[in-house]
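Atoms considered below: every heavy atom in the structure, side chains included; atoms not considered: hydrogens, waters and symmetry mates. Each chain gets a letter, A, B and so on, in the order the sequences are listed, and its residues count up from 1. In this text, all values refer to a predicted model and were calculated from it rather than measured experimentally.
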Amino acid sequence: MEPHGLYDAKLRTGDYHPRIAAYYYKQWNGFQMALHAHKPVEIMYVMSGKCKIETDTETLRLKKGDLILLDAEVRHSLEVEESHPCRMLNVEFTFTEQQGAYPTLKELCAGDGALGELLDSGRPYVVLRDSSEAYTVLKSLVLELGEKQEGDEWMTHLLMSQLLVRIARLVKEAKDEERPYDSYIRNCVKFLHQNYDRPIQVKDVAAEVNLHPSYLQRIFKESMDCTVMDYLTGLRIDKAMMLLTHTDLPVHDIPEYIGISTREYFSAVFKKRVGLAPGAYRKSRELFHHPAR
DNA sequence: CAGTAGTTGTGGATAGATGT
DNA sequence: ACATCTATCCACAACTACTG
């Protein structure tokens, strides 16, 4: 007997994959569908317009960019107003025993805490608001499905795995979102992680999240317990340590990889934070990795 | 070996950014 | 608004590696 739905205990003990049952784009121009349920788990992504989804317990209003993950056998209906046509992308999937060398759900859960949490949550459905991150993966998946050759399923397996992990992480993030300025801080941190290799000033970060620099400074410190520049420097030094340990880049080139423009300053900051000068740190790592030399 | 070039680390002076 | 901190520039010493 194959696992039934997202929360079947067999998914956590046996070796199973998601298997796509159906996928389709559909433009609804005014429509009402009676309550129904089906065996596959369903993902619906609203590409444009808006719609109303009723479940036994709740009425959900989805708009462009929203995504819903519905567990197997969860009763739901769809309603689209004539005045607001709705374009949707649907993917339905079930679970099947492991074939090939792709990671199983059990393994994915072991590797990603968020997915484990989602599969323990037992929620009949989860809604992600304004979730372009999930859409990016979903779109790749559907594109791949459309071009797939016979016996050429590895890419869809990987994308499907990626999609589930991505959704699980977004659900987890949404759960953490209760405190008011957390989303600013998260976006701020994300910006730093994506741009640490460039010269960054606090005003650039503030502009990115549409806040006044001094207000950002205050809430950043309250939330992260360090200043914006402290955080950025820490990030840069982490990257520098990684580059010193795992590459042969000359020490004088490292600063430009981490957004610091002079080697002198890099050297000083590195020593202050790490306790060793960059060259000495690299030597100590070499000894650590190749004690024989 | 001395001479040269390149790399690395340090210290001081400074303007401008930052944090409160 | 203002004291403090950051990041840069410059000068220089210590070290390594190569050259004749």
Side-chain angles (χ1 to χ4, degrees), chain A residues 65 112-114 117 128-134 136 166 168-293:
Chain A
D112 191 277
E117 274 178 42
L128 296 176
R129 300 290 176 184
D130 197 21
S131 153
S132 54
E133 289 105 325
T136 308
R166 176 67 54 157
R169 287 185 181 174
L170 289 168
V171 169
K172 189 180 165 119
E173 267 179 39
K175 221 186 313 175
D176 297 339
E177 210 163 273
E178 266 108 53
R179 276 182 298 165
Y181 29 70
D182 267 11
S183 72
Y184 289 127
I185 304 299
R186 242 199 330 281
N187 287 335
C188 179
V189 166
K190 193 156 127 192
F191 178 78
L192 294 176
H193 279 257
Q194 288 171 350
N195 294 279
Y196 67 85
D197 63 310
R198 302 197 270 192
I200 298 180
Q201 294 183 5
V202 173
K203 65 174 195 281
D204 303 324
V205 188
E208 176 68 20
V209 294
N210 299 314
L211 291 178
H212 191 279
S214 38
Y215 179 61
L216 172 65
Q217 315 239 53
R218 204 170 73 226
I219 64 172
F220 193 95
K221 180 139 198 188
E222 277 172 22
S223 185
M224 304 292 285
D225 214 33
C226 67
T227 68
V228 175
M229 295 312 282
D230 271 345
Y231 184 89
L232 176 59
T233 305
L235 185 61
R236 285 172 162 164
I237 297 302
D238 280 349
K239 302 293 174 188
M241 288 164 75
M242 181 271 291
L243 291 172
L244 287 165
T245 305
H246 299 294
T247 74
D248 292 330
L249 290 168
V251 174
H252 69 267
D253 280 348
I254 303 260
E256 65 179 87
Y257 282 77
I258 59 167
I260 290 176
S261 64
T262 59
R263 54 176 195 82
E264 300 95 320
Y265 181 62
F266 167 60
S267 180
V269 169
F270 193 94
K271 177 144 196 190
K272 189 175 160 201
R273 296 249 174 175
V274 181
L276 291 173
Y281 176 79
R282 172 171 271 169
K283 273 215 170 72
S284 75
R285 292 282 94 184
E286 276 167 14
L287 283 173
F288 181 74
H289 288 294
H290 311 289
R293 287 186 205 173

Below 4.0 Å: OP1/OP2 of C:dT8 and any side-chain N or O of A:Ser261: yes
Separation of B:dT10 P from A:Leu276 CG (nearest whole Å): 10 Å
Touch class at under 4.0 angstrom, heavy-atom based, for A:Pro278 against every strand present: sugar-phosphate
Side chain to side chain contact (heavy atoms under 4.5 Å, CB included) between A:Thr247 and A:Arg282, worked out: CA-CA 10 Å; A:Thr247 74; A:Arg282 172 171 271 169; 3.8 Å; yes
Sugar-phosphate, base or nothing in reach of A:Ala280, heavy atoms under 4.0 Å: sugar-phosphate
Whole-Å distance separating the CD1 atom of A:Ile254 from the P atom of B:dT7: 14 Å
A:Lys271 vs B:dG9: side-chain N/O to OP1/OP2 distance below 4.0 Å: no
Carboxylate-amine/guanidinium proximity below 4.0 Å for A:Lys239 and A:Asp197: no
Interatomic distance where CZ belongs to A:Phe266 and C1' belongs to C:dC9 [whole Å]: 18 Å
Non-hydrogen side-chain atoms of A:Asp112 and A:Arg169 separated by less than 4.5 Å: yes
With A:Lys190 via salt bridge (Lys or Arg N to Asp or Glu O under 4.0 Å) - residues at least two apart: A:Glu133
Sugar-phosphate only, base, or nothing, as touched by A:Arg263 at under 4.0 Å among non-hydrogen atoms: base
5′-ward residue of the pair A:Arg273/A:Thr262 relative to DNA chain C: A:Arg273
Spacing of A:Asp253 atom CG relative to B:dT8 atom C1', expressed in whole Å: 13 Å
Side chain proximity check, A:Val202 to A:Phe220, heavy atoms < 4.5 angstrom: no
Side-chain donor-acceptor contacts of residues 226-234 of chain A below 3.5 Å, not counting sequence neighbours, with atom names and distances?
{"residue": "A:Thr227", "atom": "OG1", "partner": "A:Asp230", "partner atom": "N", "Å": "3.1"}
{"residue": "A:Thr227", "atom": "OG1", "partner": "A:Asp230", "partner atom": "OD2", "Å": "3.3"}
{"residue": "A:Asp230", "atom": "OD1", "partner": "A:Arg273", "partner atom": "NH2", "Å": "3.4"}
{"residue": "A:Tyr231", "atom": "OH", "partner": "A:His193", "partner atom": "NE2", "Å": "2.8"}
{"residue": "A:Thr233", "atom": "OG1", "partner": "A:Met229", "partner atom": "O", "Å": "2.8"}

Polar side-chain contact A:Glu264-C:dC10 base: donor and acceptor under 3.5 Å: yes
Quick test: give all pairs of protein nitrogen or oxygen and nucleotides 16-20 of chain B nitrogen or oxygen below 3.5 Å, distance rounded to 0.1 Å.
{"residue": "B:dT18", "atom": "OP1", "partner": "A:Val202", "partner atom": "N", "Å": "2.9"}
{"residue": "B:dG19", "atom": "OP1", "partner": "A:Thr227", "partner atom": "OG1", "Å": "3.0"}
{"residue": "B:dG19", "atom": "OP2", "partner": "A:Gln217", "partner atom": "OE1", "Å": "2.0"}
{"residue": "B:dG19", "atom": "OP2", "partner": "A:Gln217", "partner atom": "NE2", "Å": "3.4"}
{"residue": "B:dT20", "atom": "OP1", "partner": "A:Lys221", "partner atom": "NZ", "Å": "2.7"}

Side-chain heavy atoms of A:Phe270 within contact of A:Ile254, under 4.5 Å: no
